[in-house]
There are 2 protein chains.
Amino acid sequence: MPTKNAGTATSGKAPARENSGQAIATVERAADVLMHFAETPSNTLGVTEIAEALGMSKAAVHRILASLRVRGLIELDQSTRRYSLGVGAMRLGLAYLDRIDVRRIAAPELVTLSQRTDETATLSIRTGNYRIYVDQVTPAREVIMSVNLGVAHPLHAGASSKAFLAFLTEEEMENYLSLGALEPLTGNTIVDKARLRRELASIREGGYAQSFSERMSGAASVAAPILDHHGRPVAVVSVCGPVERFRAEVGECVARLLESTARLSAQMGWNASERG
Amino acid sequence: MPTKNAGTATSGKAPARENSGQAIATVERAADVLMHFAETPSNTLGVTEIAEALGMSKAAVHRILASLRVRGLIELDQSTRRYSLGVGAMRLGLAYLDRIDVRRIAAPELVTLSQRTDETATLSIRTGNYRIYVDQVTPAREVIMSVNLGVAHPLHAGASSKAFLAFLTEEEMENYLSLGALEPLTGNTIVDKARLRRELASIREGGYAQSFSERMSGAASVAAPILDHHGRPVAVVSVCGPVERFRAEVGECVARLLESTARLSAQMGWNASERG
DNA sequence: AAACAGCGTTACTGTGTGCGGAACAACCCC
DNA sequence: GGGGTTGTTCCGCACACAGTAACGCTGTTT
């Protein structure tokens, strides 16, 4: 019998702040105050300002600010008596960005992607002038593609590689191209640098790369980068399968792929609306 | 009786839970939990782990994590049952950095400075008796210096720190010197207060500071302040590199540095001809 | 297999604690 | 100097949070 509500003396409005089960209301309110600083365009905020925006009492806001201030998350300008975010906030942000390993964040998305396309989904990261697969999820069917994790691949052959190359800076891209001749891995590998440049421009334009037997005979794939808040490719996701049936699936795979990488890029801090 | 709390007061993790008058203990504990994620080298943390590290009960930690999770500051990996920082933490950090307008103004100048000197250019701001790096631009060469953003450094060791200290008011400077002994960070750190005073006078005179392994062994740098229209140092720009090769470059670096800070100070409203 | 050990999670109850309302104290602006 | 702001403090009561302990779960050990 949940008879908890003993008619207290009219608490008035009661904004019905949803408490999800066993959380601490005070902490949630403190988090609201903190996040309000991140969401409001103004740099500094006053106590009443916050109290009105969040529907809290001035006293409560003041206590919360005092507490956060002790821990460096909030700073107080003594002369103007206005509050702003503190260095602790920056430490948190940098810690988040430093520590995400893309692999952990991308893992569930790879599962989704593999299920929706019924093909293999992979994740690659770059190490210098090479790329390695760090994760893959294979679909539950008989004929599938499977890649070798941890093996180095050059950046000019295959969809995942080209997706990396296309989203590097001009300087880095030219640096790679100047390393030497483009080694052919199959008969379909692009070995002409002018043609590769055109292809990379097209990839940047469309947001994804595709490959039919460029890196490995019989394998086809589409790939798109995960971008961080600088717009740099921290990893590349691909969908790949046997070339015979993949042609018919390309359109669908690209659509699902871009949905996934868009979500992942957002988690890495990339704001697509800012740049494109 | 453990006598660990003798001299070094910086990393005192002692139970001395200072409550500054009218703060909320629960919120402070929540902040402790949050900051623990930023301070611990591990990416993910478990409930017990946090509880033991902070001397709290498992139940309390669990409730706090649940609350922070609702607001996106903490994420929970459902499969491993381990917690990590959430995207909200990143939003806070990026919001903090966006608000330091000197950072936005200085960014292009740091790029220029790094290109012209072929060394790392950094930007620092002051928070109380400490200084933190808030931005850096590294050159495109192999052996370079790189600093950690967001970490607090004392004001007496290293070029950037001394540049701050030298351009504060006499009162603020003496206040810092009266805090206690000058802690040596390397064998080259200036620990004699009389000598530091002479050095600071010289820095004010010349307009820039230099350091060879004072803050970090193997690192050398020159630094100069960005002054606002009151003549107060709002930030410090430095050029730094490996000590072996830096000696030969100092003259050139100082010249380029002062060009940059002169432009930036002008943008901040400082009129050198009035007081310089 | 089966017992163990460690984890995260939940239930419960008393009490310490944060809550709101209002009084107080600095401003600022006519 | 008065009205209207603001941020801050006081205060007592109700209630929400803390701790203890038990729970279920997963993976490891014997």
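Residue numbers begin at 1 in each chain, while the letters A, B, ... track the order of the sequences. Small disclaimer: the values here were computed from a predicted structure and weren't measured.
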Roughly how many Å is it from CD1 in B:I50 to C1' in C:dC7, rounded to a whole number?
13 Å
For A:A59, report the nucleic acid contact type (base, sugar-phosphate, nothing); a contact means any heavy atom under 4.0 Å.
base
A:E39 atom CD: more than 12 heavy-atom contacts under 6.0 Å
yes
Can you list everything that forms a salt bridge (Lys or Arg N to Asp or Glu O under 4.0 Å) with B:E52? Sequence neighbours excluded, please.
none
Considering residues at least two apart in sequence or located in another chain, which fulfil the side chain to side chain donor-acceptor pair (under 3.5 Å) criterion with A:S57?
none
I need a per-nucleotide contact map over nucleotides 23-30 of chain C, read 5' to 3'. Cutoff is protein heavy atoms under 4.0 Å; write B for the base, S for backbone only, - otherwise.
--------
Between D:dT6 atom C1' and A:H62 atom NE2, what is the distance in whole Å?
12 Å
Below 4.0 Å: OP1/OP2 of D:dA18 and any side-chain N or O of B:R29
yes
Starting at CE of B:M56 and ending at C1' of C:dT9, how long is that distance when rounded to a whole Å?
16 Å
Return a table of donor-acceptor pairs under 3.5 angstrom between the side chains of residues 82-93 of chain A and protein atoms on other chains or two or more places apart.
from, atom 1, to, atom 2, distance (Å)
A:R82, NE, A:T44, OG1, 2.8
A:R82, NH1, A:E49, OE1, 3.4
A:R82, NH2, A:T44, O, 2.9
A:R82, NH2, A:E49, OE1, 3.0

Those residues at least two apart in sequence (or on a different chain) that pass ring-ring contact (aromatic ring centres under 6.0 Å, His included) with B:Y176 are none
Phosphate OP1/OP2 of C:dT9 contacted by B:Y83 side-chain N/O (<4.0 Å)
yes
Starting from P on C:dG8, measure out to CD1 on B:I64 and report it in whole angstrom.
15 Å
Between D:dT8 and A:R81, is there an OP1 or OP2 to side-chain N/O distance shorter than 4.0 Å?
yes
Could you check how far CD1 of B:I24 sits from C1' of C:dC19, rounded to whole Å?
9 Å
Using the test side chain to side chain donor-acceptor pair (under 3.5 Å), find all partners of A:E119 that sit at least two apart in sequence or belong to another chain.
A:R245
Would you mind reading off the distance between B:L65 atom CG and C:dT9 atom C1', rounded to a whole angstrom?
12 Å
Would you tell me if any nitrogen or oxygen in the side chain of A:T26 comes within less than 4.0 Å of OP1 or OP2 on C:dC19?
yes
